[in-house]
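Working notes, structure below.
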Amino acid sequence: MDIAAQGNLWQPEEFPLVIAGPCSAESEEQVMRTARQIAKIPEVKVFRSGLWKPRTRPGAFEGVGEQGLQWLKRVKDETGLLTTVEVARAGHVELALKYGIDILWLGARTVVNPFLVQELAEAMKGAPVTVMVKNPIIPDLKLWIGALERVNTAGIKQLLAIHRGFHYFEKSLFRNAPMWEIPIELKRLVPQLPIIVDPSHICGRRDLLQEISQKAVDLEMDGLMLEVHENPENALTDAAQQITPNTLDKLLHNLILRKRTGNPDFENKLETLRTEIDKLDGEMLQILARRLEIIEEIGDYKRDNNITILQMKRWAGIITDRLSIGTHLGLDEHFLKKLLNLIHKESIQRQTRIFNQK
Ligand code: PEP
Ligand code: MN
């Protein structure tokens, strides 16, 4: 990809690029008050706001639309902050360009659709505008790169990626799973492309933002996009994840900016290994849960047939067999005995509970 340096936006070696502003523009007053407070934080360079909101179900607040562009123009004129909005139709692009918006971004729901991305790219053709492309909702790096390429092919060289996490079917602490290995791989494949992390949409809740923002800078990501609202609790969209300008100020000052080691390979390798560990732990827990389920089935069966819970011969056999397998795999015998006893204890407890049910 032919990507230009972002020197006009910020100096990457100074501080990560900070983009802040409400999830949605709700009124001119809300936008202006929030922007004035944000403008007092010198680290923030860009004001964000959604005007056309992609809502999961119809009937919810869908944004203020075109009138919000005038408010953003006012933000730029009065505070000097650059402005950015999400565009999802060619018509949005035309309007945003007409009102002099500095940066356009493509949302996670748009990036899953190559037809739409192509249409947007064509609407941007040749415009002197910076474009940020969020990752698609699904963890598909090729789709993300494809969208970046489409925009780039339309002549947009000021290009940035935004990592906002991925939809994940399993329950987790986060609204969108960070899957850091994906943006890291993007960095490896397209090193000149800055990656902005959007902790707000990864976390979905305020109390995790500091931790994820720190992780982003520790992983040498280039910037942060945070949702900031003058009155987060009463925001019309994404209320649980927005913070006040004051909290943003604190968050930025609490960030520990470590020196870049000059060796991203080390960090990348470490993250890859840790991701592998996370995966293995997940598998290990699932296997453990499955084992205990079967133990309960056996419990039922024994009870129905009037057989005792503890069967010494079987247990002695398990110990000998598992110790032999485990030590062959390089596991410490003492550790193995402790582990097996712990599992056995839990198994007996489960079966006892089943026996007591009758
Ligand atoms: C947003 O930034 O407000 C937004 C809608 O984000 P995403 O496309 O990441 O869900
Ligand atoms: Mn939002």
Side-chain angles (χ1 to χ4, degrees), residues 17-26 30-31 34 38 44 46-58 60-65 68 71-72 82-89 92-93 96 101 103-113 116-117 120 130-141 143-144 147-148 151 160-168 174-179 182-183 186 195-206 208-209 212-213 216 221 223-244 247-248:
L17 174 65
V18 182
I19 302 169
C23 176
S24 303
E26 297 166 8
Q30 169 245 5
V31 167
T34 309
I38 285 177
V44 182
V46 184
F47 184 80
R48 65 148 278 158
S49 181
L51 303 180
W52 299 280
K53 298 305 296 179
R55 305 311 299 275
T56 304
R57 298 186 62 193
F61 173 68
E62 292 189 327
V64 297
W71 310 341
L72 288 178
L82 298 174
T83 52
T84 181
V85 285
E86 173 175 354
V87 289
R89 332 262 345 150
H92 300 164
V93 174
I101 300 295
I103 306 171
L104 310 179
W105 93 75
L106 271 54
R109 288 160 194 78
T110 302
V111 176
V112 291
N113 185 338
L116 205 45
V117 172
L120 291 166
T130 299
V131 176
M132 307 193 288
V133 178
K134 285 200 171 195
N135 63 262
I137 292 183
I138 51 168
D140 184 339
L141 177 56
L143 202 52
W144 195 3
L148 286 156
V151 174
L160 297 93
I162 301 180
H163 170 44
R164 49 80 77 202
F166 299 90
H167 179 73
Y168 194 51
F174 302 106
R175 179 177 176 192
N176 289 293
M179 301 185 184
I182 296 178
L186 177 61
I195 304 180
I196 308 301
V197 174
D198 172 350
S200 306
H201 289 90
I202 290 177
C203 299
R205 44 189 265 195
R206 287 181 268 287
L208 303 174
L209 293 174
I212 287 294
S213 304
M221 296 292 151
L224 297 170
M225 172 148 111
L226 286 145
E227 287 189 337
V228 177
H229 192 287
E230 57 167 352
N231 184 359
E233 284 83 9
N234 294 314
L236 296 181
T237 54
D238 288 349
Q241 71 195 30
Q242 304 207 57
I243 50 175
T244 61
T247 309
L248 172 68

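Hydrogens, waters and symmetry mates are skipped; everything else that's a heavy atom, side chains included, is used. First listed ligand is number 1; within each ligand, the first listed atom is number 1. Just so you know, these numbers come straight off a predicted model, no measurement behind them.
Every atom of ligand 1 with a heavy atom of Arg109 under 4.0 Å away is listed here by number and element: 7 (P), 8 (O), 10 (O).
Here the side chains of Glu86 and Trp52 are not in contact, with every heavy-atom distance at 4.5 Å or above. Arg55 is listed as a side-chain neighbour of Thr237, based on a closest heavy-atom distance under 4.5 Å. Using a 4.5 Å heavy-atom cutoff, the side chains of Leu160 and Ile195 are not in contact.
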Legend entry - Intermediate values then yes/no, side chain to side chain contact (heavy atoms under 4.5 Å, CB included), Thr84 and Ile19: CA-CA 9 Å; Thr84 181; Ile19 302 169; 4.0 Å; yes

Legend entry - Criterion side chain to side chain contact (heavy atoms under 4.5 Å, CB included) on Met225 and Lys134, from CA distance to verdict: CA-CA 11 Å; Met225 172 148 111; Lys134 285 200 171 195; 3.7 Å; yes

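Shortest non-hydrogen contact noted between Pro183 and Met221 is CB-CE, 4.0 Å.
The shell of residues lying under 4.0 angstrom from ligand 1, judged by heavy atoms, includes Cys23.
For ligand 1, the polar-atom distance check against Arg48 finds a nitrogen or oxygen pair separated by under 3.5 Å. Checked against a 3.5 angstrom limit, the closest N/O atoms of Lys53 and ligand 1 fall inside it. Not one N or O of Asp198 is nearer than 3.5 Å to an N or O of ligand 1, by distance alone.
Of all protein N/O/S atoms, those under 2.8 Å from the Mn ion (ligand 2) are Cys23 SG, His201 NE2, Glu227 OE2, Asp238 OD2, and waters are not counted.
Here the protein heavy atom with the shortest distance to atom 8 (O) of ligand 1 is Ala108 N, 2.9 Å. Shortest contact from atom 5 (C) of ligand 1 to any protein heavy atom: Glu86 OE1, 3.6 Å. Looking at atom 7 (P) of ligand 1, its nearest protein heavy atom turns out to be Lys134 NZ, 3.4 Å.
Only one option out of Arg205, Gln242, Gln241 pairs with Ser200 in a side-chain contact (heavy atoms from CB on, under 4.5 Å); it is Gln241.
Across Arg164, His163, His201, heavy-atom proximity to atom 10 (O) of ligand 1 is greatest for Arg164.
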